[in-house]
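All values reported here derive from a predicted model rather than from experimental measurement. Counting from 1, the numbers follow the sequence of the chain as shown.
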Amino acid sequence: MDLVKEAIFLGFSGAAVMDTTQLVFVPEYRMFCEENLCGCYNVNPACPPESGTAEEMKQRALQYEKTLVLQTMQEDRSEEHTSELQSLC
C-alpha cells in the first residue's frame, strides 16, 4: 500500500514518509495545546494530556524507523469556525 497516496485520498493536504531520526521535536509547541487553541485538549486521546508529555511523545516516536507525516490545512481560523475545529477532535 502506498501510504502517501492513501493519505491524500483520505483528504490530507500533504503526506510524506521519512526517517524518524529526521523529525524535529519542538517542545515549545506544547503551549498551543495547553492553551487549547484547537479545542482538542483533554478531548482527543491523541492530544494532551492523554498523549503524555512532550518527552514521552518523542520517545514513543523514536521507537520507529520510519514515520508518516500528515498535513492538514485550514483556511480560516476565526471564532466562527471554532465549532468546526472542535468537531475534528
Side-chain angles (χ1 to χ4, degrees):
M1 173 190 297
D2 185 328
L3 295 175
V4 172
K5 286 183 181 177
E6 187 70 18
I8 300 301
F9 174 77
L10 291 172
F12 287 94
S13 304
V17 174
M18 61 184 282
D19 289 338
T20 304
T21 58
Q22 298 295 311
L23 284 173
V24 176
F25 296 91
V26 184
E28 292 80 13
Y29 288 167
R30 181 63 173 246
M31 71 180 188
F32 297 115
C33 296
E34 292 167 1
E35 293 173 9
N36 199 24
L37 296 179
C38 72
C40 293
Y41 187 88
N42 206 23
V43 175
N44 185 336
C47 296
E50 187 68 26
S51 61
T53 66
E55 183 60 30
E56 290 169 337
M57 293 170 68
K58 177 180 179 179
Q59 292 308 313
R60 273 196 307 274
L62 292 175
Q63 291 177 11
Y64 299 92
E65 184 179 325
K66 299 282 185 179
T67 189
L68 176 63
V69 179
L70 303 169
Q71 178 187 34
T72 59
M73 296 175 59
Q74 298 166 337
E75 293 188 23
D76 191 339
R77 295 187 57 104
S78 66
E79 284 187 34
E80 64 191 53
H81 295 287
T82 300
S83 64
E84 291 175 23
L85 287 174
Q86 290 175 339
S87 69
L88 297 174
C89 299

Euclidean distance, F12 CZ relative to M73 CE, rounded to 0.5 Å:
14.0 Å
Mind checking whether L23 and V26 sit in one hydrophobic cluster, side chains of I, L, V, M, F, W, Y counted as touching below 4.5 Å?
no
Which heavy atom in A15 sits nearest to a heavy atom in L68, and how many Å separate them?
CB-CD1, 4.4 Å
d(F32 CZ, E34 CD) to nearest 0.5 Å is 11.0 Å
Side-chain contact test, heavy atoms from C-beta onward, threshold under 4.5 Å: evaluate it for C47 versus Y41 and give yes or no.
no
Exceeds 12 heavy-atom contacts within 6.0 angstrom, atom CD of E65:
no
Distance col, row S13:OG vs I8:CD1, nearest 0.5 angstrom, shows 7.5 Å
When you group the ILVMFWY residues by side-chain heavy-atom contacts below 4.5 Å and let the links chain together, are V17 and L70 in the same group?
yes
Can you hop from V69 to V24 via hydrophobic side chains spaced under 4.5 Å?
no
Do Q63 and Q59 have a side chain donor and acceptor closer than 3.5 Å?
no
Within 6.0 Å of OH in Y64, more than 12 heavy atoms from elsewhere:
no
To the closest 0.5 Å, what do you measure between CD (Q22) and OG1 (T67)?
12.0 Å
Between E6 and D2, does a side chain to side chain contact (heavy atoms under 4.5 Å, CB included) hold up when you go through it step by step?
CA-CA 6 Å; E6 187 70 18; D2 185 328; over 6 Å; no
Any chain of hydrophobic side-chain contacts (each under 4.5 Å) joining F25 to M18?
yes
Any side-chain heavy-atom pair from D19 and K66 closer than 4.5 angstrom?
yes
